[in-house]
Amino acid sequence: MRLSRLPVATQKEAPADAEIVSHQLMLRAGLIRKLAAGIYTWLPMGLRVVRKVERIVREEMDAAGGLELIMPSVQPGKLWRESGRWDFYGPELLRFTDRHDREFCYGPTHEEVITDIARRELRSYRQLPVTFYQIQTKFRDEIRPRFGVMRAREFVMKDAYSFHLDKASLDETYQVMYRAYSAVFERTGLKFRAVEADSGAIGGEVSHEFHVLADSGEDAIAFSNASDYAANVEAAPVPRPSGERAAAGDAMQKVATPGAQSIAEVSDMLSVPPERCLKTLFVCGDNDDVVALVLRGDHELNAIKAAKITGVADPLKMAGAAQVRSAAGAAPGSVGPVGLSCRIYADHAAALASDFVCGANEDGFHFKSVNWDRDLPEPETADLRNARAGDPSPDGQGTLEIARGIEVGHIFKLETKYSEAMQATVLDTGGKSVAMPMGCYGIGVTRVVAAAIEQNHDERGIIWPAAIAPYQIMIVPLNLPKSARVREASEKLYERLQQKGYEVLFDDRDARPGVKFADCDLLGIPVRLVIAERGIDAGTIECKSRREPDPEHIAADELDAYLDSRLGSGSS
RNA sequence: CGGGGCAUAGCGCAGCCUGGUAGCGCGUCUGCUUUGGGAGCAGAAGGUCGGGGGUUCGAAUCCCUCUGCCCCGACCA
């Protein structure tokens with residue numbers, strides 16, 4: 001590709017509404033353009049990256065036995081009524097009617113359609129197991145699209161669905177997909193981690209998310225420093241601590257804490273460390289009541305764990321100030337578990353505290369030297385908090401560290417949720433009709449592109465891993481208009497490298513060197529080859545890897561070896 | 001959905017308070033000079049000031065309204 005023929009110019013400044021670095025760089029480098037909130041055009045340079053990712057995904061899906069198909073993006077509402085999701089899905093589902101006033105939606109996901117396919121095509125256990133997949137544009141009408149294509153409304157996703165005779169077969173395919181996903185992200189050249197995740201509303205079983213590691217990631221993931229264990233923090237269990245509660249000391253005492261609302265303020269005022277200040281959170285119960293959750297001041301409530309407690313509303317909803325006052329008789333900053341009549345659950349660690357501080361349920365007052373069993377009944381205990389760095393790993397090996405991640409893949413077992421609702425059955429070996437257990441496996445293709453940039457960039461621009469770079473090599477001739485030798489040498493090199501199968505950008509513009517270097521860095525092309533009079537005289541080519549600080553001057557006949565070492569063996 | 005903000009040239013912004021026919025930087029085009037890290041000089045093109053309505057002799061500017069976009073919040077004890 002000759003840069004002079006690429007009409008999309010790079011930009012020095014990013015639009016003011018681009019918040020995160022990947023969004024800014026994608027705009028500046030001319031990868032994408034916004035059409036509307038959360039809706040983007042992929043320009044030629046950006047599309048190439050999307051295609052690279054798609055190709056890796058497709059190859060690994062095929063290798064794992066997946067069968068590619070494409071389902072419609074527009075889906076009849078009727079199907080969604082069958083599965084029960086028409087009413088359940090909410091405003092994220094973009095709905096509309098056709099001219100005959102029939103209901104339709106733009107697919108945010110394709111369980112209904114694939115289950116419909118399966119129920120029509122699959123009759124016998126002999127056809128199973130089978131995995132279908134597609135790479136397709138989806139639409140979710142997010143409340144608040146942001147971060148460019150990272151959290152867009154329209155996006156490209158690979159979704160796969162597997163169908164089975166029984167649970168054992170599903171488990172087996174799940175493992176196959178787990179390995180396929182690992183292979184996909186391995187090949188992209190990104191640093192990633194597979195983590196245990198909350199499976200959400202469906203099924204109790206553990207699912208796995210694949211995260212691209214990046215400091216800007218929206219998810220926190222916990223992983224052991226001594227084993228393979230890794231989990232989304234929201235799903236990481238915190239085992240009950242083994243220690244004994246220390247003996248109670250002084251008698252409970254009420255102290256004035258005027259103006260002290262937060263744990264930090266109370267802790268400061270009373271000179272008691274946060275871990276011995278217990279906080280009490282009121283959440284909505286199942287039926288109009290409230291439930292009190294007690295945690296150590298230095299711990300964070302885990303909403304997903306809390307919502308799983310019987311009697312607590314799911315999804316979790318914090319009680320309003322009025323509800324708190326009627327339950328505790330004080331404002332949120334001065335409430336505690338002593339004397340409450342509602343149900344109380346204490347996090348394991350909070351239940352282990354002794355001589356602790358908590359709100360006195362009277363505005364502006366706290367209790368000191370409070371002890372379970374002495375000053376208030378032993379609480380029911382539960383795992384309520386987020387895991388944090390330094391906690392013991394749930395698998396018993398090592399301690400946890402926390403990293404940030406961007407969720408780019410998720411695999412989970414649907415079991416028979418859809419096959420039962422939509423009567424997707426096959427005859428088993430005994431001739432009996434059984435609903436097929438299903439698996440569901442997604443990869444956010446366009447999000448992978450953004451995540452790759454979040455993980456790989458510097459102040460000059462993008463640093464593509466070679467496997468997903470839009471082009472592998474940029475030829476930068478200097479003083480092209482005036483030097484026939486430079487023109488000849490660079491044209492020849494351009495020709496030769498393309499012949500070898502490399503994807504090459506040729507900066508044949510009449511621009512100053514600084515402009516060319518800056519664009520090359522911004523675009524993140526892995527290898528830059530500078531052609532100038534000097535090098536021609538010396539018989540060398542200046543080769544620079546985007547990842548390395550300094551160029552190397554390589555003899556012309558060593559070039560292939562250099563490229564091999566930086567890009568892997570040639571061809572695309 | 002609640003709260004806040006913004007909308008002026010392709011991009012980044014000023015002008016608005018205090019009404020008088022729109023400006024800066026980058027980019028684009030032409031010419032000359034320049035050519036190893038976003039060059040210099042000279043010239044040029046490009047704007048229904050988001051839409052509609054109102055006030056006024058006169059509105060980018062004041063008022064009303066609509067639309068679009070952005071930010072914050074939806075763990076706080």
(request) Not counting sequence neighbours, which residues clear side chain to side chain donor-acceptor pair (under 3.5 Å) with A:N361? List them please. (result)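 A:N361 satisfies side chain to side chain donor-acceptor pair (under 3.5 Å) with no other residue.
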
(message) Please give me every residue in residues 374-388 of chain A whose heavy atoms get under 4.0 Å of an atom in RNA chain B, ordered by residue number.
(response)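 Correct list: A:N386.
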
Please work out if [X] contacts a base, only the sugar-phosphate, or nothing of the nucleic acid, heavy-atom cut-off 4.0 Å.
{"X": "A:I263", "answer": "sugar-phosphate"}
{"X": "A:D521", "answer": "base"}
{"X": "A:R33", "answer": "nothing"}
{"X": "A:R146", "answer": "sugar-phosphate"}
{"X": "A:V335", "answer": "nothing"}

Who pairs with [N] - Watson-Crick or G-U, where each distance is under 3.5 Å:
{"N": "B:C69", "value": "B:G5"}
{"N": "B:C11", "value": "B:G25"}
{"N": "B:C41", "value": "B:G31"}
{"N": "B:A74", "value": "none"}

(request) Sort out for me which residue in A:V255, A:V266, A:I263 forms a side chain to side chain contact (heavy atoms under 4.5 Å, CB included) with A:V357. (result)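 Considering A:V255, A:V266, A:I263, a side chain to side chain contact (heavy atoms under 4.5 Å, CB included) with A:V357 is found only for A:V266.
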
Taking [atom1] from [X] and [atom2] from [N], how many angstroms apart are they, rounded to a whole number?
{"X": "A:K279", "N": "B:C76", "atom1": "NZ", "atom2": "P", "value": "9 Å"}
{"X": "A:L27", "N": "B:G27", "atom1": "CG", "atom2": "P", "value": "18 Å"}
{"X": "A:L278", "N": "B:C76", "atom1": "CG", "atom2": "C1'", "value": "16 Å"}
{"X": "A:D519", "N": "B:G27", "atom1": "CG", "atom2": "P", "value": "12 Å"}
{"X": "A:F365", "N": "B:A77", "atom1": "CZ", "atom2": "C1'", "value": "17 Å"}

(message) Evaluate A:L523 against A:M474 for side chain to side chain contact (heavy atoms under 4.5 Å, CB included), listing each step before the verdict.
(response) CA-CA 10 Å; A:L523 286 170; A:M474 172 102 95; 4.2 Å; yes

(message) Restricting to non-hydrogen atoms, name the atom on A:A197 and the atom on A:N232 that form the minimum distance, rounded to 0.1 Å.
(response)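 Scanning both residues completely, I find the closest heavy atoms to be CA-CB, 4.5 Å.
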
(message) Give me the atom names and distance for the closest heavy-atom approach of A:A350 to A:L278.
(response)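 Reported closest heavy-atom pair: O-CD1, 3.8 Å.
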
If you check every side-chain atom of [X], which of [options] has the closest atom?
{"X": "A:R512", "options": "B:G36, B:U34, B:C70", "result": "B:U34"}
{"X": "A:D510", "options": "B:G36, B:C69, B:U35", "result": "B:U35"}
{"X": "A:P332", "options": "B:G38, B:U35, B:A77", "result": "B:A77"}
{"X": "A:E542", "options": "B:C69, B:G36, B:G38", "result": "B:G36"}
{"X": "A:F517", "options": "B:G38, B:G36, B:A77", "result": "B:G36"}
{"X": "A:V324", "options": "B:C69, B:A77, B:G27", "result": "B:A77"}
{"X": "A:P513", "options": "B:G36, B:A77, B:C70", "result": "B:G36"}

In a table with atom names and distances, give each donor-acceptor pair under 3.5 Å that connects a side chain of residues 336-346 of chain A to protein atoms at least two apart or in another chain.
| unit_1 | atom_1 | unit_2 | atom_2 | d |
| --- | --- | --- | --- | --- |
| A:R343 | NH2 | A:Y345 | OH | 2.7 |
| A:R343 | NH2 | A:E380 | OE2 | 3.1 |

(message) Checking A:N371 against A:R245: is there a side-chain donor and acceptor pair closer than 3.5 Å?
(response)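 The criterion, which ignores hydrogens and geometry beyond distance, is not satisfied for A:N371 and A:R245.
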
(request) Verify whether one side chain among A:E454 and A:S216 offers a donor that lies under 3.5 Å from an acceptor in the other. (result)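 Side chains of A:E454 and A:S216: pair found under 3.5 Å.
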
(message) Nearest heavy atom decides the nucleotide; on that basis, is A:E19 or A:A9 closer to the 5' end of RNA chain B?
(response)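 The answer here is A:A9.
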
(message) Quick check: on RNA chain B, is the nucleotide nearest A:K34 upstream (toward 5') of the one nearest A:S334, or the reverse? Name the residue that is more 5'.
(response)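 Its nearest nucleotide being more 5', the pick is A:K34.
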
(request) Using a 4.0 Å cut-off on protein heavy atoms (strictly under), produce a 5'-to-3' string for nucleotides 7-16 of chain B with B for base contact, S for backbone-only sugar-phosphate contact, and - for none. (result) ----BSS---

(message) Using the side chain to side chain contact (heavy atoms under 4.5 Å, CB included) criterion, which residues pair with A:E548? Sequence neighbours excluded.
(response)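 A:E548 satisfies side chain to side chain contact (heavy atoms under 4.5 Å, CB included) with A:S545, A:E552, A:R566 once adjacent residues are dropped.
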
(request) Could you work out the separation of B:A7 and B:C13 based on their C1' atoms and round it to a whole Å? (result)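 About 13 Å, rounded to a whole number of Å.
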
(message) What's the gap between B:C63 and B:A74 when it is taken at their P atoms, as a whole Å value?
(response)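 To the nearest whole Å, 33 Å.
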
(request) Step through it carefully: locate the ring centre of A:W464, locate the ring centre of A:Y471, and say whether they are under 6.0 Å apart. (result)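 No, ring centres 6.0 Å or more apart.
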
(request) Using the ring pair (Phe, Tyr, Trp, His ring centres under 6.0 Å) rule, collect all pairs that involve residues 1-42 of chain A, keeping only residues at least two apart or in two chains. (result)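 Applying ring pair (Phe, Tyr, Trp, His ring centres under 6.0 Å) to every pair that reaches into residues 1-42 of chain A, excluding sequence neighbours, yields A:H23-A:Y40.
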
